[in-house]
Amino acid sequence: MKKIKLKDKEFGVSLDSEEIQKIIKQLAQKINNDFKDKETPLFISILNGSFMFTADLLKHIDFNCEITFLKLSSYLGTSTTGNVKELIGINEKIQGRHVIVLEDIVDTGITLEQIVHDLKRLKPADIRISTFLFKPDAYKKDIKIDYIGKEIPNDFIIGYGLDYDGLGRNLADIYTLIQ
Ligand code: IMP
Ligand code: MG
């Protein structure tokens, strides 16, 4: 197994880039189907983790759309702080629009709940959620997640945008923490 060491921790590859790209194409097909008749949907990508997922997914989106970015942070080290802060707001008009939130991963759902709560106040026509990865065993909220790339166990992972203390975001594959 391909392994990598970041600071004090060792990780083993759990999802390679070829598999990642297959999953993303399938996700894009579903979104293309559902949004082809909608008026200029707006993708909202949640930074930092979603930057790779967003770039790869958007290359397969075939309808006219806009893309904007929102920055939040809830993780410190390898566990969620439960304390979500909005760091960079949105300038685009949201009212009456079809919004698709792009997340790298939904873990407890605390971040997602805050995003959806904040966005609803801006009165979009509707909000759909697309996440590349989902940890069903960690999820504590009941917001519906419309598009899920892959469900994974409740382990800490890095790579493909996801970090351990800022490191590992550049990796093309996804790695799981070796306990
Ligand atoms: P939640 O609020 O607990 O759902 O956490 C959501 C955010 O925490 C994600 O958007 C990620 O940025 C980060 N996160 C969750 N799980 C992991 C992980 O396993 N590795 C790295 N970051 C993670
Ligand atoms: Mg994130």
Side-chain angles (χ1 to χ4, degrees), residues 1-17 19-20 23-24 27 31 42-58 67-90 99-121 127-179:
M1 194 214 294
K2 202 155 89 180
K3 287 186 187 166
I4 192 164
K5 195 159 186 221
L6 295 178
K7 295 190 177 170
D8 55 328
K9 303 213 184 305
E10 221 187 350
F11 299 83
V13 77
S14 50
L15 193 61
D16 68 31
S17 62
E19 194 60 35
I20 290 172
I23 293 169
I24 284 175
L27 262 184
I31 295 173
L42 174 66
F43 286 95
I44 300 181
S45 170
I46 312 304
L47 294 173
N48 292 327
S50 302
F51 77 97
M52 275 207 195
F53 170 50
T54 300
D56 285 343
L57 182 85
L58 268 283
I67 170 87
T68 191
F69 298 87
L70 194 64
K71 184 162 178 170
L72 301 107
S73 90
S74 74
Y75 255 68
L76 207 59
T78 59
S79 68
T80 187
T81 59
N83 192 359
V84 184
K85 283 201 176 93
E86 184 177 334
L87 302 176
I88 299 174
I90 298 176
V99 167
I100 307 154
V101 173
L102 299 181
E103 263 287 25
D104 48 353
I105 187 165
V106 176
D107 187 313
T108 61
I110 292 169
T111 311
L112 185 64
E113 187 176 66
Q114 164 122 18
I115 292 163
V116 169
H117 175 264
D118 287 356
L119 286 176
K120 274 189 176 156
R121 290 196 310 208
I127 305 173
R128 298 266 182 110
I129 313 296
S130 173
T131 187
F132 176 53
L133 298 170
F134 179 54
K135 294 181 182 172
D137 297 336
Y139 195 54
K140 291 193 284 201
K141 305 292 177 183
D142 41 34
I143 292 166
K144 183 179 168 233
I145 303 176
D146 304 278
Y147 308 97
I148 295 173
K150 190 175 169 66
E151 294 192 353
I152 60 164
N154 193 9
D155 298 322
F156 186 74
I157 59 157
I158 52 141
Y160 197 67
L162 291 151
D163 72 304
Y164 167 52
D165 275 350
L167 297 178
R169 294 194 195 274
N170 54 307
L171 302 166
D173 303 315
I174 285 178
Y175 295 74
T176 299
L177 178 65
I178 297 169
Q179 303 288 347

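For the single chain, residues carry numbers from 1 onward in sequence order. When a ligand or atom number is given, it counts from 1 through the structure's own listing order. Fair warning: this is a prediction, and the values are worked out from it, not measured in the lab.
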Ligand 1 atoms in contact with Asp155 (distance to a heavy atom under 4.0 Å): 19 (O)
Identify, by atom number and element, the atoms of ligand 1 in contact range of Leu162, meaning under 4.0 Å from any of its heavy atoms. 21 (C), 22 (N), 23 (C)
Test item: Asp16 and Glu19 side chains (from C-beta on) under 4.5 Å apart, heavy atoms: yes
To the nearest 0.5 Å, how far apart are CD1 in Ile143 and CD1 in Ile129? 6.5 Å
Suppose we call two aromatic rings close when their centres sit under 6.0 Å apart. Are Phe11 and Tyr175 close by that rule? no
Could you tell me which atoms of ligand 1, counted from 1 in the order shown, lie closer than 4.0 angstrom to a heavy atom of Glu103? 10 (O)
With a cut-off of 4.0 Å, which atoms of ligand 1 are near a heavy atom of Ile110? 2 (O), 4 (O)
Any non-hydrogen side-chain atom of Ile115 less than 4.5 Å from a side-chain atom of Ile44? no
Does the side chain of Ile145 come within less than 4.5 Å of Leu112's, by heavy atoms? yes
Is Lys135 paired with Asp137 through a side-chain N to carboxylate O contact shorter than 4.0 Å? no
I'd like to check which ligand 1 atoms, numbered from 1 as shown, lie under 4.0 Å from a non-hydrogen atom of Phe156. 18 (C), 19 (O), 20 (N), 21 (C)
Glu113 heavy atom under 4.0 Å from ligand 1: no
Where does Asp163 meet ligand 1, judged by heavy-atom distances below 4.0 Å: at the side chain, the backbone, both, or neither? backbone
Check contact between Ile157 and ligand 1, using heavy atoms of the residue and a distance below 4.0 angstrom. yes
So, using salt bridge (Lys or Arg N to Asp or Glu O under 4.0 Å) as the criterion, who are the partners of Lys141 when residues are at least two apart? Glu113
With a cut-off of 4.0 Å, which atoms of ligand 1 are near a heavy atom of Gly109? 1 (P), 3 (O), 4 (O)
Only heavy atoms of Thr108, strictly under 4.0 Å: list the atoms of ligand 1 that pass. 1 (P), 2 (O), 3 (O), 4 (O)
